[in-house]
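For the numbers below, each heavy atom of this structure counts, side chains included, while hydrogens, waters and symmetry mates do not. Quick caveat, the model's predicted, so the values are computed rather than measured.
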Amino acid sequence: MRVLLATDCWPGDDGRAGLDSWTVGTALARAWADLGDEIAVIPVGAAGAGFAGCLGRLAQVLGTGTEHPVALSPDVGRSPGMTRTDPDPWTASSAPLADCLTQLMPTQPASRRPTVLELADVPWRDGGRGMATALGLAGSTGSRPALLPDTLVTTAEEVQRPLTGLRGLVSVEGREEGMDPARMLGLDQRLCDWAAELTGDADAGTVPGTGAAGGVGLVISALGGQITTGSRYLLDLAGAATTISSADLVVTGCRDLTMMSLDQEVVSTLTMMAGQAGVPVIAVTLTNTLPARQLRESGLEAALPIGPEGELPGSGGAVTAAELTRRAAPVARTWHW
């Protein structure tokens, strides 16, 4: 039997560091390996939630024969507790990102390794104009400047977000903030004007993903880059679609499976890919609060909690890999043929 395992990380309680995706995946995999099954483990993490570490681990797994991407994870996110109006993201500039890229981008020749910019939450909504201007990118569509990353990795929500229009940044966030309609129209027009200046097309900002990272997605995509989630990038890099198509079972999961975590990208991406290949997928979790019908509607055959409720025993009450393997053994025996 062939089993693919790709799970989210399992954070600890009360701020304790938990287990990363690779540790969880390999711990669960041992339960199937002990039955003689052929296993594959892929570390998976979302932008801002373990992506860079998973990319580094995946590079080790793939070995030296692969051209591994370089992850750029600048510290430009909002401080904990910061609101969207402090400072005002509509007047903030993405120019500091240009300084970060100048420092982080490898000084390699034109044949440099692929680069991945990881951005989850940012304090600006300028359409990436500050960054593009600082890097001298305005008006340079069609050519890829050396300092511009090849890929923007962001959250699943951001990947679908356009820059302008009824579903754009100003429309969605402005209404949430109770912004004056006249100001909303002015800000959206300013972003339309910037999209036209950068691409020659005022409607360029209506494309999903162009609003990612406060509009940095517009710049990345306009100059030939791609916008994707951390989970999808890692799975594609690992050739997961091929592995899934030849697997008998896909195992994913997260620490606690709820309605909210069901929609998070690690679990949802694996269920979508497995569903397309017609391969059954199950989730191994510490706790599960969802009924069977809801699980089936999401694409999961089952969710198998290996609690009890609360923490798995270990040093200081933290989750341990050895305990995960032990408690996953009955699940593996049930889902083995």
Could you state the interatomic distance from [atom1] ([X]) to [atom2] ([Y]), rounded to the nearest 0.5 Å?
{"X": "Leu218", "Y": "Thr206", "atom1": "CG", "atom2": "OG1", "answer": "10.5 Å"}
{"X": "Arg232", "Y": "Leu237", "atom1": "CZ", "atom2": "CG", "answer": "12.5 Å"}
{"X": "Gln264", "Y": "Leu257", "atom1": "CD", "atom2": "CG", "answer": "9.5 Å"}
{"X": "Arg161", "Y": "Glu157", "atom1": "CZ", "atom2": "CD", "answer": "4.5 Å"}
{"X": "Leu187", "Y": "Thr164", "atom1": "CG", "atom2": "OG1", "answer": "12.5 Å"}
{"X": "Glu265", "Y": "Leu235", "atom1": "CD", "atom2": "CG", "answer": "9.5 Å"}

Linked, directly or transitively: [X] and [Y] (ILVMFWY side chains, under 4.5 Å):
{"X": "Trp337", "Y": "Val331", "result": "yes"}
{"X": "Leu135", "Y": "Leu223", "result": "yes"}
{"X": "Leu35", "Y": "Leu249", "result": "no"}
{"X": "Val41", "Y": "Val61", "result": "yes"}
{"X": "Trp10", "Y": "Ile282", "result": "yes"}

If every non-hydrogen atom of [X] is compared with every non-hydrogen atom of [Y], which pair is closest and at what distance?
{"X": "Val219", "Y": "Leu148", "value": "O-CD2, 4.1 Å"}
{"X": "Pro43", "Y": "Cys54", "value": "CG-O, 3.7 Å"}
{"X": "Ile220", "Y": "Pro149", "value": "CD1-O, 4.0 Å"}
{"X": "Gly25", "Y": "Leu5", "value": "O-CD2, 4.0 Å"}
{"X": "Leu191", "Y": "Arg125", "value": "CD2-O, 3.9 Å"}
{"X": "Ala204", "Y": "Thr199", "value": "CB-OG1, 3.3 Å"}

Could you check whether any side-chain heavy atom of [X] comes within less than 4.5 Å of a side-chain heavy atom of [Y], counting everything from C-beta outward?
{"X": "Gln294", "Y": "Met259", "value": "yes"}
{"X": "Leu152", "Y": "Glu158", "value": "no"}
{"X": "Thr228", "Y": "Val153", "value": "yes"}
{"X": "Arg183", "Y": "Trp90", "value": "yes"}
{"X": "Ser246", "Y": "Leu4", "value": "no"}
{"X": "Thr334", "Y": "Leu304", "value": "no"}
{"X": "Trp124", "Y": "Leu97", "value": "yes"}
{"X": "Asp188", "Y": "Met184", "value": "no"}

Would you say the side-chain atoms of [X] pair up with the backbone N or O of [Y], donor to acceptor, closer than 3.5 Å?
{"X": "Thr115", "Y": "Val70", "answer": "no"}
{"X": "Thr285", "Y": "Arg255", "answer": "no"}
{"X": "Thr325", "Y": "Ala27", "answer": "yes"}
{"X": "Ser21", "Y": "Gly45", "answer": "no"}
{"X": "Asp20", "Y": "Trp22", "answer": "yes"}
{"X": "Trp32", "Y": "His336", "answer": "no"}
{"X": "Thr210", "Y": "Gly205", "answer": "yes"}
{"X": "Glu118", "Y": "Gly48", "answer": "yes"}
{"X": "Thr26", "Y": "Thr23", "answer": "yes"}
{"X": "Thr133", "Y": "Gly130", "answer": "no"}

Please step through side chain to side chain contact (heavy atoms under 4.5 Å, CB included) for the pair Asp8 and Val44, ending with a clear verdict.
CA-CA 6 Å; Asp8 209 342; Val44 187; over 6 Å; no
Kindly determine whether Val24 and Val284 satisfy side chain to side chain contact (heavy atoms under 4.5 Å, CB included), including the steps that lead there.
CA-CA 10 Å; Val24 175; Val284 177; over 6 Å; no
Assess, by modelled atom type and distance only, whether the side chains of Asp99 and Gln103 contain a donor and an acceptor separated by less than 3.5 Å.
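Result is no, nothing qualifies.
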For Glu38, does the CD atom have more than 12 heavy-atom neighbours from other residues, nucleotides or ligands under 6.0 Å away?
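Open.
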Can you tell which of Thr229, Val116, Thr154 makes a side chain to side chain contact (heavy atoms under 4.5 Å, CB included) with Phe51?
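Of all the options given, the one that passes is Val116.
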Just do the side chain to side chain donor-acceptor pair (under 3.5 Å) check on Arg167 and Ser171 with the steps written out, would you?
CA-CA 6 Å; Arg167 299 182 182 275; Ser171 179; over 6 Å; no
Output, in order, the C-alpha distance, side-chain angles, deciding distance and verdict of side chain to side chain contact (heavy atoms under 4.5 Å, CB included) for Val281 and Leu300.
CA-CA 6 Å; Val281 54; Leu300 288 169; 4.1 Å; yes
